[in-house]
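As a basis for the values below, the full set of heavy atoms in this structure was taken, side chains included, without hydrogen atoms, waters or symmetry mates. Below, chains carry the letters A, B, ... as their sequence lines are ordered, and counting in each starts from 1.
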Amino acid sequence: MQREQGGRMFEAVDPRADFPAMEESILRFWKERDIFGKTLRTNEGGPIFRFYEGPPTANGRPHPGHVLTRVIKDLFPRYKTMCGFHVPRKAGWDTHGLPVEIEVEKELGLEKKDDILRYGVEPFVRKCMDSVFRYTAEWERLTERIAFWLDLGDAYVTYHKSYVESVWWAIAELWKKGLLYRGHKVVPWCPRCGTALSSHEVGLGYREVEDPSIYVGFRSAEDPRTYYLAWTTTPWTLISNAALTVDPEVDYVYARVGDERLVMAEARVGPVMGKMKFQVEGRVRGRELLGRSYEPLYPYARTDRKAYFIIAGDFVTLDSGTGIVHTAPAFGADDYRVGRENGLPVIQLVDPAGRFTPEVAPWAGRFCKDCDGEIIRDLQRRKLLLRRETVRHEYPHCWRCDGPLLYYARDSWFLATTKVIGRIIGNNRLIRWRPEHIRDGRFGNFLETNVDWALSRERYWGTPLPVWMCERCGDWEAIASMDDLRSRPGARGFDVFEKAREKEPDLSPHLAIHKPYIDAVTYDCQRCGGRSSRVTEVIDCWFDSGAMPFAQWGYPHVPGSREKFEACFPADFIAEAIDQTRGWFYSLLAISTMVFDKAEMPHPFRNCIVLGHVLNSEGEKLSKSKRNYTEPSELIARVGADALRWYFYSSNQPWTSTRFDDRAVAEAQREYIVKLWNVYSFFAIYARIDGFDPSEGAGQVRCFLSSEFAGARGYRPARERSLLDRWIISETNLAVRELRRALDDFDCYGAARVLLELCDSLSNWYVRRSRARFWKGEKDADKYDAYWTLYESLLTMVRMTAPFTPFLAEEMYRNLARSPWPSSVPESVHMCTFPEADESAIDEALSREMALVREIVRLGRAARTAAKLKVRQPLRLAEIVLANPADRETVRKHMALIADELNVKEIRYNDDIVPTQHASYAIRPNFKAIGPKHGALVPKIKAALEKADARAAYGEMARTGRLILDLPEKVELSPSEVEVVVEAREGYAASDSRRAVVVLDTGLDEDLIEEGLAREIVNRVNSLRSEMDLSYDARIRLTISGSDRVVSVCNRFADYIKGETLAVSLSTGPVPQGVATSEADLGGESAILCVSRA
RNA sequence: GGGCUAGUAGCUCAGUUGGUCAGAGCGCGUCCCUGAUAAGGACGAGGUCGGUGGUUCGAAUCCACCUGGGCCCA
């Protein structure tokens, strides 16, 4: 790199940075130099940090919640890369399933499942495949723009042939283990989509709706004037009623109304009958009702089996209803179970599309739920209805098409997760969840109530269920790959796809393993010689995503996949939002546990951060349709991606659902990014003015170690530098230690706090206290110390913040590190190693001392504010009363700093515990120490110490090492068990904390007033300089005219004023013509100031 | 109805195994600084830590109940 003139090593830094533009230029830099690719390769062969990307469905636009997920995912791989790990980061896309089909149906205007058949499965599936990448470009753009480094070029795609075959392999494995079975079960069913949903999908669609709530009488077959009263919110299921269920241990009564008797649980009589007139005529135990029969409500069902009688069940509740439960085995899980136990028929008079079958004469062909009203009116007409109301309750809806679900008995394919649930739970126990309560709370509970995984979907666009079944004998098996299929005897039908491809060479080869082509493949049944063909179903797309640990590599079929899989299993880290508890987290865990008999746990992931939902400023869920949030891209264009990233890391723990708005992001940016930038720009301004060049005299610098800087010009080891320098160096190293600890613990919020604090120390104490060292004229050792200290701190800070704010870090690194060492240091900050704490540079005692110094200064400022004395006005004296004599040394050591910061001439502090006119002492118990030891005596000790003379008590302790109290029990306290505190007395310019009181002498004499005046003059002149837009190092000529006093001050403090204003001359005569002048009011004195460029 | 989670300043959130004036940022008020300058900083006001009861020498923190919220499920 060519040096600029004047030995200016560093580029100028605009104090008002345009972050979005800066980021765009960094993006170009990364791309041109393939920095991400290089970081991926640098640690190849080293230890691996394993990260799994949960595949997003790219058929919608990303919103701020996705940004949260993605920046959390990015942080740890970046950090681990800098720590020397190889971190493969394969991207992935979830491409199958209902979400995709629904989008395509909408686009094609298809309303029902039949419409798809009319449109044609082949073109439909092809449409689906085309649509899955509709928003991929947008996702990729966002991913890149927020600097989520993910290997997008090598993404896994769930519809790819290798992926599907891997999923097939897993299913075949499960089949071999006896975990795949076909069952007739009541499943949550979407009549519009015409498919079953898994329990985790049902969880996605609960909505509050209004349903009828009716009480229906079933007339006894034995006594036509007795009615069994049942309650339901789904009148349409009454047509398929097969039995009534009671609790055998509950008391039932006969309630006479007119000349009819209603049977219901005794406990429900009140709520059910309400104000109706009735008489209780008898009581009977539920057990005694069993077996009694009643007349069916409707005659449409034909069945050979015995039905329409009373059975026992364990699910009868007395919280609602009548204690007698209408039972329709086809439409409820409990109903189905007791139906089976009692040999009941499964009466199913609703077809898969939710329409009544032709037998149901009055309502045949109509959507069942739409007939509720007419059924109710019919019952009313037949005087079988006691009452009708409506009820608002949560009812499951299809998570994609939004239609109401039915519980529906259906043949489906299941995975017997319940058989291995013990192992799944054991595996879960060993996973480190953040927050921890997920493990035994939400996720653990979910596992406890596990039901078998309803795997099959009667749909089109998905991984085909690899089950081939003989048409003749019904024997079936699961196929593990296309090769496996080809090797079956008499296999044929592959030509259907091949022919389609001949006609259309562009046809994706991945379609060969999808419907409808794969359905053409058949082979000979090995058992009976019949023909085996594939069952029609596809599988739940959650199985796809849960199979990614191996399917992303095409394991085990693809050559080399075994090595890759083994190297990257299990994951060290994953992160997704809380809604994935029942989604990806579950499918990953269940599949891994079922497929791999690994003794070594946990797998397939060790650490999981569960993210909270991002809400908008009103606390509402982000909703695409409501547009109730700012698009991430818009926000990034305004404030930059680093700001957004930093907001998500630093605002709160990532698992708390939090309100998010644009203003908060800007705040986060000011708090950290702008502050750090200001420190950086401060450094650059002065380094340029002074021509500070860290490479001058330095040897080979690669890792920014002090040993590498040793020979550089002006470089001295930290121990030879000032207290302040040593302090910030110590703070920096402490921060490195803390930051590593937090990040190793997956605690990004804690990590962000460490950075914030260091940034604040740097900006608001180190730079603030060091300013004068940078702008003084001579380039002495102290000035070099200041440069080197700030420079080294910034270099460390830049590497520490790199995983969090990668753009900011890169920009600063480019200037701070690459300018001086264009070839020896890594070309990107992201290729650097993460800083290591230099334990020898850590001085915790100094940290504590400086904390006290800052506390004293704060007290002094508060005292000034209270006395209305601006800092510009020097004061004679500040008295510091310290509670702890051990602190005296600290004050002595840092006296100059305190005096300067408070602008006082002299600091005095006490050398004994003597109450003064300003402050009093008290001695207090250290509760933490004495509590466990003295228990109930604590209040007495507290009272005794309150009365005690602090000085005497302290003296005794100093002499004897203990303090004996007579309560009258003798209690002995050691020095660590008490604490001396100090308090300001009323009426002085004083301010107190527990450890110190600072008192200001507010008296002003002529000397102090004149000095204050001199500072006023400096202040006004420098304001003028900035109004005139003078550069930082421009020299001026200064002319001041004013009162005798002003002139006298100018003469007395001429050197000071000239030094502070960079004036080459100061005259006190009349003001020359034609130059900038300003009339100033200097607190009572007026003057005319005239500044001209020298 | 069950489970989980949170209820802390006007707002967004911290608060380490219970330890004695309750923390930050923003906002607000009053100022300071003006050589980081359309930035930076200080000081201050503001909270009976949702309510009640309990355990304890001591509770924002532990327990019980109540109350309104969110999420998940039945």
Side-chain angles (χ1 to χ4, degrees), chain A residues 13 15-16 199-200 202-204 206 315 317 319-320 333 393-394 396 435 437-438 440-446 448-449 578-579 581-582 612-613 615 617 619 621 650-653 655-661 663-664 666-668 670-672 674-675 677-686 689 749-750 753 756-757 763-764 767-768 771-772 774-775 857-858 860-866 868 870-872 924-932 934-942 981 983 991-994 1018-1027 1029-1034 1060-1062:
Chain A
V13 174
R16 272 194 85 226
S199 54
H200 38 266
V202 177
L204 302 170
Y206 275 86
F315 51 85
T317 166
D319 297 331
S320 58
H393 63 162
E394 298 275 310
H437 60 75
I438 297 286
D440 296 320
R442 186 174 290 209
F443 196 62
N445 284 335
F446 171 62
E448 298 287 342
T449 57
I578 180 98
D579 50 314
T581 323
R582 282 155 186 271
H613 281 128
L615 310 171
S617 54
K621 268 179 136 172
S650 67
S651 65
N652 50 44
Q653 302 283 18
W655 46 82
T656 36
S657 288
T658 185
R659 295 184 184 201
F660 165 86
D661 63 70
R663 247 189 42 219
E667 252 171 57
R670 262 201 308 279
E671 205 176 32
Y672 180 66
V674 171
K675 207 178 260 183
W677 186 263
N678 280 331
V679 174
Y680 164 60
S681 103
F682 175 89
F683 171 82
I685 287 166
Y686 290 100
I689 289 173
Y749 179 73
R753 308 266 305 196
L756 269 175
E757 237 161 81
S763 169
N764 290 334
V767 169
R768 171 190 167 78
R771 272 159 145 158
F774 288 97
W775 70 60
V857 166
R858 194 167 48 74
R861 277 198 286 256
R864 267 191 180 270
T865 305
K868 295 197 195 312
K870 51 174 72 169
V871 181
R872 224 167 11 224
R924 285 218 201 138
N926 174 354
F927 289 98
K928 203 165 179 172
I930 68 164
H934 299 293
L937 276 177
V938 168
K940 283 189 182 173
I941 296 173
K942 185 183 175 198
V981 298
E983 197 174 33
S991 195
D992 65 348
S993 74
R994 222 182 289 193
V1018 168
N1019 168 351
R1020 299 313 146 95
V1021 172
N1022 281 333
S1023 298
L1024 272 178
R1025 283 181 64 109
S1026 97
E1027 274 169 40
D1029 256 344
L1030 292 180
S1031 71
Y1032 298 119
D1033 52 349
E1060 292 295 309
T1061 59
L1062 293 185

Does [X] have a side-chain nitrogen or oxygen under 4.0 Å from the phosphate oxygens OP1 or OP2 of [N]?
X	N	result
A:R768	B:rG40	no
A:T656	B:rA14	yes
A:N764	B:rG41	yes

For the [atom1] atoms, the ones on [N] and on [M], what distance do you get once it is rounded to whole angstrom?
N	M	atom1	answer
B:rG70	B:rA24	P	31 Å
B:rG46	B:rU52	C1'	26 Å
B:rA22	B:rG44	P	15 Å
B:rC21	B:rG53	P	24 Å
B:rA42	B:rC72	C1'	48 Å

Residue whose nearest RNA chain B nucleotide is more 5′ - A:R442 or A:N1022: A:N1022
Position toward the 5' end of RNA chain B (nearest nucleotide), A:R16 or A:N652: A:N652
Between [N] ([atom2]) and [X] ([atom1]): distance, integer Å:
X	N	atom1	atom2	answer
A:R663	B:rC11	CZ	C1'	7 Å
A:R1020	B:rU34	CZ	P	9 Å
A:R861	B:rU30	CZ	P	20 Å

Quick one: label [X] by what it contacts on the DNA or RNA (base, sugar-phosphate, nothing), any heavy atom closer than 4.0 Å.
X	value
A:N678	base
A:T1061	base
A:R864	nothing
A:L1062	base
A:E1060	base
A:Y749	sugar-phosphate

Partner nucleotide of B:rC65 by Watson-Crick or wobble geometry (both distances under 3.5 Å): B:rG51
Who pairs with B:rA22 - Watson-Crick or G-U, where each distance is under 3.5 Å: none
Residue pair [X] / [Y], side-chain heavy-atom distance below 4.5 Å:
X	Y	answer
A:I930	A:L937	no
A:T1061	A:N1022	yes
A:N764	A:K675	yes

Backbone N/O of A:A1034 and side chain of A:R1025: donor-acceptor pair under 3.5 Å: yes
base_contact_polar (B:rU17 base, A:K928 side chain, donor-acceptor, <3.5 Å): yes
